[in-house]
A.B. asks: 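Before anything else, here's the structure in question.
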2 protein chains.
Amino acid sequence: MQSTAAEDYVKAIYHHTEWQPEPITPSQLASRLGLANSTVTEMVKKLAAAGLVRHRPYGAVELTDDGRALAVRQVRRHRVVETWLVERHGYDWDEVHDEAEILEHALSDRLLDSIARSLGDPERDPHGDPIPAADGTVRRPDAVLLADAEVGHAGAVVRISDADPAMLRFLAGAGVALDARLTVLGQKPYSGSIQVRSGSTTIDVGPDVAQAIWLAA
Amino acid sequence: MQSTAAEDYVKAIYHHTEWQPEPITPSQLASRLGLANSTVTEMVKKLAAAGLVRHRPYGAVELTDDGRALAVRQVRRHRVVETWLVERHGYDWDEVHDEAEILEHALSDRLLDSIARSLGDPERDPHGDPIPAADGTVRRPDAVLLADAEVGHAGAVVRISDADPAMLRFLAGAGVALDARLTVLGQKPYSGSIQVRSGSTTIDVGPDVAQAIWLAA
DNA sequence: GGCATGATTTCGGTGTGCCGAAATCACAGC
DNA sequence: GCTGTGATTTCGGCACACCGAAATCATGCC
Ligand SMILES: [Mn+2]
Ligand SMILES: [Mn+2]
Ligand SMILES: [Mn+2]
Ligand SMILES: [Mn+2]
């Protein structure tokens, strides 16, 4: 059991607990992967038999140590590829995900490490997600979700979720990029949106965006 | 019908007629792909239904124009990847084939063309095989198989078959590389081998090698 | 023209990863 | 404690790419 499907499953499970620590349910996993619940149930059973995942019937799904190791490896591959596409091939940060999703399964370890080295062994990808080292080491920066940040909090943008390419294009247009310094000004009453200052301009960001941006703590 | 399997089938068919023009039989195709004859019969039927291949029962298999176009595209991808691995990632010419065999199915056209451009749009791969242009144009150099070359013939090595990695290592050790100038000295009686001069040294090459090296005409 | 032979095709079957519909379960609210 | 509800699992089935064994065919030789 080391198919590209298995790689995507463990990566999705890992991803779910990377920035907030709650185990993932089968239906969450199914919707993240775009698959039917029944498909996920069956595959989870196989992953459990292969020792990559722990799962008691009707419960959540958690990675074993082996599963986590495979996931970390896969996350490294994905993010190295995304970084390479942006740095060396002129892709925008909203264009890299789909290509990386395929390529991550097709590169040998040797080639992937060679690409990483040629990029100077970067520690984060174009969206600020940490790139695990070849030995599996992960360093995650201290960060606060913009939605959870207190009024007055100021800090550099450390990570932006790459889940929605359209949002990434919007943010790039609004001047919000990695390392941009943001200050939380406050809530707009009844609007559900947060006012943020970026340089000399003020932006209103809705709840979706506030759930996608992480600031240095 | 545009699966990685289909891509490999049309590539194998194309390959067979690239340097000598005889149509390929199902069993030749099977042995080249490492598959059972029955598997190939079935797949050829599907390829024919998809318009990539012409085939009457019990006959040979030929590419249609569509099939040829797909094959040329695939050959380009394979050879660009091989070149990239050698030029940019320190692979030896006997190490690139397997990695390219997988990667060729995983790169988008955009990324492949970007890689090709970064290499200066090379016209041949590490083994001297011509790399088709993005528009499908192919230029094959005038060449003679060493086995067919007349005594006294002298010319640069233009192509070496990459089918046998061990042979490639042997040849590299013997100083036979792309563009090396060889002179055919003659046959060794009863040995089945051909004497060749490379620079100041003389080499005896057996029939396998003589079938693998092409000299400028 | 008949026949042996090897190539080719047909046939039944496998493993993987997926699906929708039906059955089952956990749990929250009463 | 019962029950309704939504989540989860089970079940039957499909597409793809593959296999070995059995049947069929084309051909070349007598
Ligand atoms: Mn991504
Ligand atoms: Mn993937
Ligand atoms: Mn291939
Ligand atoms: Mn080659």
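Every chain is numbered from 1, with letters handed out A, B, ... down the list of sequences. Values below: every heavy atom of this structure, side chains too, minus hydrogens, waters and symmetry copies.
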A.B. asks: Can you check whether any acceptor in the base of D/dC11 is under 3.5 Å from a donor in the side chain of A/Glu42, or vice versa?
C.D. replies: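 Side chain to base: pair found, below 3.5 Å.
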
A.B. asks: Roughly, in whole Å, what's the span from CG in A/Leu47 to P in C/dG17?
C.D. replies: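 Atom CG in A/Leu47 sits about 9 Å away from atom P in C/dG17.
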
A.B. asks: Give the rounded distance in Å between these two atoms: CG of A/Asn37 and P of C/dG20.
C.D. replies: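 Checked: the CG to P distance equals 10 Å.
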
A.B. asks: Measuring from the side chain of A/Ser38 (C-beta onward, heavy atoms only), which nucleotide among D/dC11, D/dT8, D/dC19 has the closest atom?
C.D. replies: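 Of the candidates, D/dC11 comes closest.
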
A.B. asks: In whole Å, what is the span from the CE atom of A/Met43 to the P atom of D/dT10?
C.D. replies: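 From A/Met43 CE to D/dT10 P: 16 Å.
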
A.B. asks: Might you point out which heavy atoms bring A/Pro141 and A/Val158 nearest each other, and give the distance in Å?
C.D. replies: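 In this case the closest contact between A/Pro141 and A/Val158 is CG-CG1, 3.5 Å.
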
A.B. asks: Using the salt bridge (charged side-chain N to carboxylate O under 4.0 Å, His left out) rule, take B/Arg76 and B/Asp113 through it: C-alpha gap first, then chi angles, then the decisive distance, then the call.
C.D. replies: CA-CA 10 Å; B/Arg76 167 176 164 78; B/Asp113 290 343; 2.8 Å; yes

A.B. asks: Would you mind checking if B/Arg79 and B/Glu101 are paired as a salt bridge, meaning a charged N to carboxylate O distance below 4.0 Å?
C.D. replies: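 B/Arg79 and B/Glu101: not salt-bridged.
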
A.B. asks: Measure from CD on B/Gln28 to C1' on C/dT8 and round the result to the nearest Å.
C.D. replies: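 Taking atom C1' of C/dT8 as the reference, CD of B/Gln28 is at 13 Å.
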
A.B. asks: Taking only the side-chain nitrogens and oxygens of B/Ser27, find out if one of them lies under 4.0 Å from OP1 or OP2 of C/dT8.
C.D. replies: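 Yes, such a contact exists.
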
A.B. asks: In whole angstrom, what separates A/His105's NE2 from C/dG17's C1'?
C.D. replies: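 Interatomic distance, NE2 of A/His105 to C1' of C/dG17: 14 Å.
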
A.B. asks: Report yes if a side-chain nitrogen or oxygen of B/Tyr9 is closer than 4.0 Å to either non-bridging phosphate oxygen (OP1 or OP2) of D/dC16; otherwise report no.
C.D. replies: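 Negative; the distance criterion is not met.
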
A.B. asks: Would B/Glu104 and B/Lys11 pass as an ion pair if we require N to O under 4.0 Å?
C.D. replies: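 Yes, charged N to carboxylate O under 4.0 Å.
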
A.B. asks: From C-beta outward on A/Lys46, which listed nucleotide comes closest to its side chain: D/dT8, C/dC19, C/dT16?
C.D. replies: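 Of D/dT8, C/dC19, C/dT16, C/dT16 is nearest to the side chain of A/Lys46.
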
A.B. asks: Whole angstroms only, please: what is the CG-P distance between A/Leu35 and D/dT9?
C.D. replies: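 The answer, rounded to whole Å, is 15 Å.
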
A.B. asks: Taking all non-hydrogen atoms of both residues, which atom of B/Ser27 and which atom of B/Asn37 are closest, and how far apart?
C.D. replies: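 Scanning both residues, the minimum pair turns out to be CA-OD1, 3.7 Å.
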
A.B. asks: Could you go step by step and tell me if A/His127 and A/His97 meet the ring-ring contact (aromatic ring centres under 6.0 Å, His included) rule?
C.D. replies: CA-CA 10 Å; A/His127 317 99; A/His97 185 82; 7.7 Å; no

A.B. asks: Select one nucleotide: of C/dG20, C/dT8, D/dT8, the one nearest the side-chain heavy atoms of B/Thr25.
C.D. replies: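 Looking only at side-chain atoms, B/Thr25 lies closest to C/dT8.
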
A.B. asks: Between atom CD in B/Gln2 and atom P in D/dA17, what is the gap in whole Å?
C.D. replies: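 Spelled out: CD on B/Gln2 to P on D/dA17 is 12 Å.
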
A.B. asks: When you get a sec, tell me which of C/dC19, D/dA17, D/dA21 is the closest nucleotide to the side chain of A/Thr39?
C.D. replies: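 Closest nucleotide to the A/Thr39 side chain: C/dC19.
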
A.B. asks: Atom CG of B/Leu29 and atom P of D/dC18: how far apart are they, to the nearest Å?
C.D. replies: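 About 11 Å, once rounded to whole Å.
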
A.B. asks: Between D/dA21, C/dG17, C/dG20, spot the one nearest the side chain of A/Ala5, thanks.
C.D. replies: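 Given the options D/dA21, C/dG17, C/dG20, the side chain of A/Ala5 is closest to C/dG17.
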
A.B. asks: Please walk me through it: do B/Arg169 and B/Glu95 pass salt bridge (charged side-chain N to carboxylate O under 4.0 Å, His left out)?
C.D. replies: CA-CA 10 Å; B/Arg169 283 192 293 277; B/Glu95 297 176 323; over 6 Å; no

A.B. asks: Can you pull every protein N or O that's under 3.5 Å from an N or O on nucleotides 23-27 of chain C?
C.D. replies:
residue	atom	partner	partner atom	Å
C/dC25	O4'	A/Tyr58	OH	3.1

